[in-house]
Amino acid sequence: AQMTAPRDCFSSGVRDSLKTNYSAYFTAGEKFFANYDASGRQLGQGNLLLEENKQLMLQMTEARTQIYSIISPLAD
């Protein structure tokens, strides 16, 4: 939770980047899991939801990679 609202332990550019990437990660995750809830009600749209979830997983992976690249050097 602290990483989603980083304080003065990071520069302003890094804080903004972390906020943006965490927001993208959590937004994609919410949509991803909402699609699972919707899949039972929208049986005819299964292929569309599958494709959307693939794209959401790619978005989550990219955001996670960016987050790790920001905080990993600090942990070394």
Side-chain angles (χ1 to χ4, degrees):
Q2 190 168 4
M3 297 304 290
T4 60
R7 295 187 300 257
D8 60 351
C9 56
F10 299 104
S11 69
S12 64
V14 171
R15 283 194 305 266
D16 291 343
S17 184
L18 285 171
K19 288 177 187 178
T20 300
N21 282 300
Y22 269 106
S23 176
Y25 182 81
F26 288 124
T27 299
E30 288 172 358
K31 290 178 184 176
F32 180 87
F33 289 108
N35 282 347
Y36 275 108
D37 291 340
S39 66
R41 294 186 299 269
Q42 301 173 357
L43 293 176
Q45 296 182 352
N47 287 337
L48 294 175
L49 292 175
L50 178 62
E51 186 58 37
E52 182 178 355
N53 274 358
K54 286 180 185 178
Q55 293 302 316
L56 291 168
M57 282 301 300
L58 290 173
Q59 291 173 18
M60 291 172 67
T61 300
E62 179 63 28
R64 185 178 62 231
T65 300
Q66 293 297 322
I67 292 165
Y68 287 162
S69 71
I70 293 168
I71 61 175
S72 292
L74 300 173
D76 287 343

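These values consider heavy atoms only, across backbone and side chains, with no hydrogens, waters or symmetry-generated copies. Throughout, numbering of the chain's residues begins at 1 and tracks the sequence.
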Quiz prompt | Exercise: identify the closest heavy-atom pair between F32 and M60 | solution = CB-SD, 4.5 Å
Practice problem: Of all the heavy-atom pairs spanning K31 and N53, show the shortest one and how long it is. | Solution: O-OD1, 4.4 Å
Quiz item: Taking S17 for the side chain and V14 for the main chain, is one N or O donor matched with an acceptor at less than 3.5 Å?
Solution: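 Not at all, since once roles are kept as given, no pair shorter than 3.5 Å links the two residues.
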Quiz item: Can any side-chain N or O of S23 pair as donor or acceptor with the backbone N or O of K19 at less than 3.5 Å?
Solution: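 A pair under 3.5 Å: no.
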Exercise. Might you work through the side chain to side chain contact (heavy atoms under 4.5 Å, CB included) test for L50 and K54, ending with a clear yes or no?
Key: CA-CA 6 Å; L50 178 62; K54 286 180 185 178; 4.1 Å; yes
Quiz item: Under a 4.5 Å cut-off applied to non-hydrogen side-chain atoms, are E62 and L58 in contact?
Solution: no
Quiz item: If you round to the nearest 0.5 Å, how far is CZ of F33 from CG of L56?
Solution: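 Here the interatomic distance stands at 10.5 Å.
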Quiz item: When rounded to the nearest 0.5 angstrom, what distance separates CD1 in I67 from CG in N21?
Solution: 5.0 Å
